[in-house]
K.L.:
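Please see the structure below; I have some questions.
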2 protein chains.
Amino acid sequence: MVVRQLDPDEVDRVFAALADATRRDIVTRVLRREASVTALARSYEMSFAAVQKHVAVLERAHLVTKQRQGREQVVHPDVVTIRAAGRLLDRYEEIWRGRIDRMAEILGDTREGDDS
Amino acid sequence: MVVRQLDPDEVDRVFAALADATRRDIVTRVLRREASVTALARSYEMSFAAVQKHVAVLERAHLVTKQRQGREQVVHPDVVTIRAAGRLLDRYEEIWRGRIDRMAEILGDTREGDDS
DNA sequence: CTGACGTACAACCATGTGGTTGTACGTTAC
DNA sequence: GTAACGTACAACCACATGGTTGTACGTCAG
């Protein structure tokens with residue numbers, strides 16, 4: 001499985017891009033089926049230019065790519081980056097789990113739990 | 001396992017909060033071990049007030065909680081929200097996988113075990 | 001060729017964000 | 001009680017963001 005490593009700046013961009021309901025919806029849509037920018041724009045109550053900007057933000061974060069097809073620009077999802085973001089959150093859970101394990105070990109060995 | 005459902009506004013706040021390297025580092029730190037706000041502040045090359053604001057952002061996103069302990073305010077992680085964010089990204093992968101499955105079905109190619 | 005469509009991009013505005021400094025307040029140590 | 005510590009919060013600044021409108025350009029249909 002392809003899991004690219006993201007540098008901090010790209011992580012910034014990925015999470016920032018996902019911090020907007022419209023952009024999350026665009027990602028969901030193109031995951032189901034690719035769509036041109038205007039096709040996407042028709043789905044939202046905002047100007048075409050606004051949607052175009054949202055797509056640009058997703059593109060800079062490598063969450064989607066655009067592919068010229070005649071006079072249309074078709075938006076595709078970039079699953080690799082989405083997966084990488086998920087892996088990052090998994091890492092947080094690992095740290096937490098590791099800590100719980102260490103605590104259990106300490107409590108098991110030295111009977112340190114004085115307060116609850 | 002506790003997995004709270006996040007409303008869109010909270011998802012906005014969670015991802016926005018994670019879109020900053022300092023805040024991600026704070027989350028990592030308190031996942032390993034709780035720390036007071038000043039203890040955290042000592043780790044970064046910025047004013048105490050700046051770190052305090054970062055903690056406030058994480059708190060509004062329910063990624064951490066503060067707990068008064070004497071005159072200190074101890075920052076704890078909120079694993080439930082972190083987990084919920086991970087689940088959200090998993091959902092994207094599910095959509096993608098569902099689409100791949102549908103395409104394979106249409107193509108009549110229902111073999112299993114081929115890698116992508 | 002012409003007109004309509006899809007796109008790109010600049011200018012502009014309001015608002016939010018990330019940082020600063022300064023001030024105030026409760027709590028602990030002496 | 002007083003001093004020092006940990007915190008909270010307001011005011012301020014620079015800059016990014018999310019939206020708008022307007023203009024320009026390439027591409028396809030007629």
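Letters go in sequence order (proteins before strands), and every chain restarts at 1.
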K.L.:
Between A:R23 (CZ) and D:dA16 (C1'), how many Å, whole number?
P.N.:
12 Å
K.L.:
So if I take every side-chain heavy atom of A:R68 and compare against C:dT7, D:dC5, D:dT21, which nucleotide ends up nearest?
P.N.:
C:dT7
K.L.:
Could you state the atom-to-atom distance from CD of B:E59 to C1' of D:dC9 in whole Å?
P.N.:
14 Å
K.L.:
Report which part of the nucleic acid B:A49 touches: base, sugar-phosphate, or nothing (heavy-atom distance under 4.0 Å, all strands).
P.N.:
base
K.L.:
What I want to find out is whether A:E34 reaches B:R99 closely enough, with some N-O distance under 4.0 Å, to be called a salt bridge.
P.N.:
yes
K.L.:
Side chain of B:Q73 only, please: which of D:dG18, D:dT7, D:dG19 is the nearest?
P.N.:
D:dT7
K.L.:
Checking B:R29 against B:Y44: charged group under 6.0 Å from the ring centre and within 45 degrees of the axis?
P.N.:
yes
K.L.:
Output yes when A:E94 and A:R91 qualify as a salt bridge under the 4.0 Å nitrogen-oxygen rule, no when they do not.
P.N.:
yes
K.L.:
What distance do B:S36 atom OG and B:Q67 atom CD have between them, rounded to the nearest 0.5 Å?
P.N.:
13.0 Å
K.L.:
D:dT21 P sits how many Å from A:M46 CE, rounded?
P.N.:
13 Å
K.L.:
Can you check the A:H54 NE2 to D:dG18 C1' distance for me, whole Å?
P.N.:
6 Å
K.L.:
Could you check how far CZ of A:R13 sits from C1' of D:dT17, rounded to whole Å?
P.N.:
15 Å
K.L.:
Could you tell me the separation between the CD atom of A:Q52 and the C1' atom of D:dG22, rounded to a whole number of Å?
P.N.:
13 Å
K.L.:
Quick one: which of D:dT21, C:dA8, D:dG6 gets closest to the side chain of B:R71?
P.N.:
D:dG6
K.L.:
Rounded to the nearest angstrom, tell me the gap between atom CD in B:E72 and atom P in C:dT28.
P.N.:
10 Å
K.L.:
Touch check for B:T38, heavy atoms < 4.0 angstrom, all strands: base, sugar-phosphate only, or nothing?
P.N.:
sugar-phosphate
K.L.:
What integer distance in Å separates A:Q69:CD from C:dC5:C1'?
P.N.:
16 Å
K.L.:
Classify A:T22 by what it touches in the nucleic acid, base, sugar-phosphate, or nothing, heavy-atom distance under 4.0 Å.
P.N.:
nothing
K.L.:
Of the nucleotides C:dT7, C:dA8, C:dT20, which has the atom closest to the A:S36 side chain?
P.N.:
C:dT7
K.L.:
Please tell me if B:K53 has a side-chain N or O lying less than 4.0 Å from either OP1 or OP2 of D:dC9.
P.N.:
no
